[in-house]
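What follows is a single structure, written as structure tokens, with notes after it.
Quick caveat: nothing in here was measured; it's all calculated off a predicted structure.
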Amino acid sequence: RGSSCLNSPVGSAPTSAGLRLVATFFGNPNAYAAFLVTAFPFRLLGLMAALSKSSRLFFVANLSALLVLLLFTGSRLCLLAVFIQGLVAVLVLATRPYRLAAIAGSVLVVAAILTGITAPLARAFPFLSKKIFSEGGFTALAQDVASTSGSGGVRLNLIKDGLWMVSQTHGVGVGAGNFEANVAKAPFSAYPIINPHDL
């Protein structure tokens with residue numbers, strides 16, 4: 001239970017996290033995952049700028065811990081975001097043979113996920129969220145995004161509601177504390193997950 005309540009509001013448990021996932025403010029593990037994704041390039045920059053062996057070891061350990069914590073959030077989109085960040089870093093910094101290997105490896109990983117080949121890994125790693133191992137492949141992903149009640153549909157509606165809030169406030173925004181109250185009266189339904197969990 002301790003891992004499911006990192007920095008959650010006092011007196012409230014994360015509603016969508018379950019007992020095994022790492023969560024944070026707003027009671028949603030995706031919010032913590034978004035923080036980790038945002039921190040990733042800064043940790044990588046620190047590793048590249050490190051001059052001493054101990055500094056490099058510190059940043060390697062830091063990046064490793066970040067990836068483990070990200071896996072425990074169960075956030076598929078944030079895992080994809082870190083994957084893309086890592087790929088971009090390799091393409092920008094690595095020499096030609098490493099770039100080709102990174103591109104080929106990335107294509108294989110994405111193909112395995114989209115076709116559902118990674119689904120059996122859910123049994124091999126029962127301590128991780130099962131939702132990160134897609135069973136239906138690309139078809140299930142497309143249905144999720146097209147659905148108004150599924151995770152993908154709710155995320156699209158959150159984006160639309162966010163743009164609606166920007167237009168209503170003439171670009172000023174409503175602030176994190178007012179987000180949920182405004183989503184409740186927004187034109188696109190994001191119920192029941194009305195917190196700002198969409199990276």
**Study point:** Interatomic distance, Leu87 atom CG to Ser106 atom OG [nearest 0.5 angstrom]
**Key:** 4.0 Å
Practice item. Give the cluster check for Leu158 versus Val174: same hydrophobic cluster or not, with ILVMFWY residues linked at side-chain heavy-atom distances below 4.5 Å. Key: yes
Review point. Do any N or O atoms from the side chain of Asp161 and from the backbone of Phe188 form a donor-acceptor pair under 3.5 angstrom?
Key: yes
Revision key, fill the gap. Value for NZ (Lys185) from CE (Met165), rounded to nearest 0.5 Å, stands at 9.0 Å
Point to revise | Nearest-0.5 Å distance that lies between atom CG in Leu66 and atom CZ in Phe42 | key: 12.5 Å
Review point. Do the non-hydrogen side-chain atoms of Ile103 and Leu91 ever get within less than 4.5 Å of each other?
Key: yes
Point to revise | Nearest heavy atoms of Ala81 and Val37, plus distance in Å | key: CB-CG1, 3.8 Å
Review point. Between the main-chain N or O of Leu51 and the side-chain N or O of Arg56, is there a donor-acceptor pair closer than 3.5 Å?
Key: yes
Practice item. Could you tell me the separation between the CD1 atom of Ile84 and the CZ atom of Phe40, rounded to the nearest 0.5 Å? Key: 12.0 Å
Point to revise | Nearest heavy-atom neighbours spanning Asn157 and Ser189 | key: ND2-O, 2.6 Å
**Study point:** Pro41 versus Thr38, closest heavy-atom pair with distance
**Key:** CD-O, 3.4 Å
Point to revise | Linked, directly or transitively: Val68 and Val60 (ILVMFWY side chains, under 4.5 Å) | key: yes
Review point. Could you go step by step and tell me if Tyr32 and Leu70 meet the side chain to side chain contact (heavy atoms under 4.5 Å, CB included) rule?
Key: CA-CA 8 Å; Tyr32 185 59; Leu70 188 57; over 6 Å; no
Review point. Out of curiosity, Leu36 CG to Thr73 OG1, how far, rounded to the nearest 0.5 Å?
Key: 7.0 Å
Review point. Distance-only, no hydrogens or angles: does the Asn62 side chain make a donor-acceptor pair with backbone N or O of Phe58 under 3.5 Å?
Key: no
Practice item. Report yes or no: do Val88 and Leu93 belong to one cluster of Ile/Leu/Val/Met/Phe/Trp/Tyr joined by side chain heavy-atom distances under 4.5 Å? Key: yes
Review point. What distance separates Asn182 CG from Trp164 CH2, expressed to the nearest 0.5 Å?
Key: 6.0 Å
Practice item. Flag the pair Met48 / Phe59 as yes when at least one side-chain heavy-atom distance between them is below 4.5 Å, and no otherwise. Key: no
Exercise for review: State plainly whether one hydrophobic cluster holds both Phe35 and Leu71, where clusters connect Ile, Leu, Val, Met, Phe, Trp and Tyr through side-chain heavy atoms under 4.5 angstrom apart.
Suggested key: yes
